[in-house]
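Right, one structure below, let's go through it.
Just so you know, ligand 1 is whichever comes first in the structure, and atom 1 is the first atom listed for that ligand. Along the sequence shown, residues are numbered consecutively beginning with 1. Computation of the quantities below employed the complete heavy-atom set of this structure, encompassing side-chain atoms and omitting hydrogens, waters and symmetry-equivalent molecules.
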Amino acid sequence: MSKLRLRHAAPALLVAVFLLALTACGTEYPNSTFNRHTDFNTSIDALWDRLLFWGTIVFVFVEAALVVTLIKYRKRAGGPEAKQIHGNAALEITWTAIPAVILVLIAVPTVKTIFETQAPAPAGALKVEVIGHQWWWEFHYPELGITTANELYLPVGRTASFELKTKDVLHSFWIPQMGGKRDLITNKSNFMWFTPNADLQSSVWNGFCTEYCGTSHANMKIRLYTVQPDEFASWAAHQAKPAVYPAAEPATPATPATPAIPAARGAQPTPAPVEDVGYMFPTADLPDHVIPKTPTPAGLTYDDALLAQGDPTAGQLGFMIGGCIGCHAINGLPGAVSTIGPDLTHIASRHTIAAGLFPNDGPHLARWIKNARLMKPGILMNTIGRGQYDPLLKITQEAGLDDKQIADVVAYLQKLK
Ligand code: HEC
Ligand SMILES: [Cu+2]
């Protein structure tokens, strides 16, 4: 590049850098870890600010000294020969002492933050067991008797204490908006805790697996709902119950255990009880950054009109004859106790399926059941649609469920609120 062109390029480059810096101002960063939504992130953010402060001072000082020296002492035509010197004790002591002081200013808060974030969880924390699987997350609330998958609810203002384990290979648990990441290690429990700020509004955050764990590592996501304590209590109370299908006959209310109080004169007949399915984060309030946008495979077709004809009772049977009970538990469905795949007891109360890869709706559920391995590469769930090609086993599924039977199973799953 000629000298002239370089002179022209420099201002253009400056403008480009300036514009790039400008774009950083207006945008939201839904997956950034630099915020103060929890005690953990507050410590990390405070440390980061301090590092950035000292780092900026050092950078500006060193670069300024460099540029001044380059310009002031550059070689000039006919200039004198450079003076030859040997050492300068004062200068050397200074440039050793200043960095040493800066290192101490960085090291002390760093070590303090490490101890803070590695300390045992405070008393009264909500215990959550996190179990990594290739490629989905199992969540247990041991004190509440809840098992769920991929979607985690936590109340704001209460510390959540995680015990991290893995069923197979190494994974790593990271919800950037809430705190640091921590590995899930084979044959060992790791621990981590954080407290979502009490003044957080009910919100949804993305989480990820951040330790490469095989084919669908990138498809192993978490949805975290931080909700108000009463919303959490409602969610938890319902999740701990068995599946709601088949529902109790609404026509014959159960005989009350205590003698019925005689109805007051003129009392209205009691309205039919509304089935309580507990709190679920409202679909209308979901922020765009948590809505899956993965396209379904082009070769995987399903006539969505069939879904309207789905019969949940036939679907419950289909769930058994289709082999689903070999891998999935549904609390309340006899025989469905396997823990190989995600617990489906309250599958309809989740917004996504397949560890955040697809929205949890009829068309996606149907395609998933038909050929899950085409939707999410490498997974343990086999291809179940009749006549479908299983990309992992490299065989065509000759038995399996036809499209109508799949519609029935979908109708059944959608009853499991
Ligand atoms: C060989 C074991 C196996 C069988 C059989 C099986 N599944 Fe699965 N299923 C899995 C695994 C493993 C996953 C998790 C896949 C992932 O997200 O990586 C899964 C995921 C799912 C999900 C998504 C759950 C969630 O919360 O993300 C649904 C729904 C589902 N299976 C339904 C079914 C149905 C219906 C059948 C029977 C027609 C069935 N499965 C048969 C292993 C199995
Ligand atoms: Cu993983």
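The closest protein non-hydrogen atom to atom 17 (O) of ligand 1 is Lys376 NZ, 2.9 Å. With respect to atom 29 (C) of ligand 1, the closest heavy atom belonging to the protein is Leu365 CD2, 3.7 Å.
The distance from ligand 1 to the heavy atoms of Leu380 drops below 4.0 Å at these ligand atoms: 1 (C), 12 (C). Close approach of ligand 1 to Asn382 is summarised as follows: ligand atoms under 4.0 Å from at least one heavy atom of the residue are 1 (C), 4 (C), 5 (C). For ligand 1, the atoms sitting less than 4.0 Å from at least one non-hydrogen atom of Asn150 are 25 (C), 26 (O), 27 (O), numbered in the order shown with element in parentheses. Atoms of ligand 1 found under 4.0 Å from any heavy atom of Ile379 (numbered from 1 in listed order, with element): 18 (O). Below 4.0 Å from some heavy atom of Trp136 lie the following atoms of ligand 1, by number and element: 12 (C), 14 (C), 16 (C), 17 (O), 18 (O). Listed by number with element, the atoms of ligand 1 under 4.0 Å from a non-hydrogen atom of Gly323 are 5 (C). Near Ile384, the atoms of ligand 1 lying under 4.0 angstrom from a non-hydrogen atom of the residue are 36 (C), 37 (C), 38 (C), 39 (C), 41 (C). For ligand 1, the atoms lying closer than 4.0 Å to a non-hydrogen atom of Trp135 are 18 (O).
For the Cu ion (ligand 2), the tally of protein N/O/S atoms lying closer than 2.8 Å stands at 4.
Annotation: Lys293, atom NZ; neighbour count of heavy atoms from other residues, nucleotides and ligands within 6.0 Å is above 12. For Arg50, the CZ atom is loosely surrounded, since the number of other residues' heavy atoms within 6.0 Å does not exceed 12. More than 12 heavy atoms of other residues, nucleotides or ligands shown are found within 6.0 angstrom of CD on Glu63. Counting non-hydrogen atoms of other residues, nucleotides and ligands closer than 6.0 Å to NZ of Lys404 gives a total above 12.
At distances below 3.5 Å, not a single donor-acceptor pair connects side-chain atoms of Asn206 with backbone N or O atoms of Ile175. Remark: the backbone N or O of Tyr29 is not paired with any side-chain donor or acceptor of Ser32 at under 3.5 angstrom. For Arg386 (side chain) and Gln397 (main-chain N/O), no donor-acceptor pair under 3.5 Å exists by modelled atom type. Judged purely by atom type and a 3.5 angstrom limit, His238 uses its side chain to pair as donor or acceptor with the backbone of Lys417.
Classification of the Trp137-Phe173 ring pair by plane angle, with boundaries at 30° and 60°, yields perpendicular. Ring planes of Tyr225 and Phe281: tilted class, angle from 30 to 60°.
Taking the centre of each ring, Trp235 and Tyr141 come in below the 6.0 Å mark. Between Phe34 and Trp48, a ring centre-to-centre spacing shorter than 6.0 Å is recorded.
Inclusion of Ala354 in the set of residues having an N or O under 3.5 Å from an N or O of ligand 1 is warranted.
Between the side chains of Asn35 and Gln177, at least one donor N or O lies within less than 3.5 Å of an accepting N or O.
Residues Glu129 and Phe139 fail the side-chain proximity criterion, which asks for heavy atoms closer than 4.5 Å.
Here Arg350 has side-chain heavy atoms under 4.0 Å from ligand 1, and that is the only part of it that gets that close. Neither the backbone nor the side chain of Thr352 comes within 4.0 Å of ligand 1, counting heavy atoms alone. By the criterion of a heavy-atom distance under 4.0 Å, neither the backbone nor the side chain of Asn219 is placed next to ligand 1.
For the pair Lys127 and Glu163, the salt-bridge criterion is not met [side-chain N within less than 4.0 Å of a carboxylate O].
The distance from atom CH2 of Trp135 to atom SG of Cys209, rounded to the nearest 0.5 Å, is 11.0 Å.
For atom 8 (Fe) of ligand 1, protein N, O or S atoms closer than 2.8 Å were enumerated as His328 NE2, Met381 SD, with waters left out.
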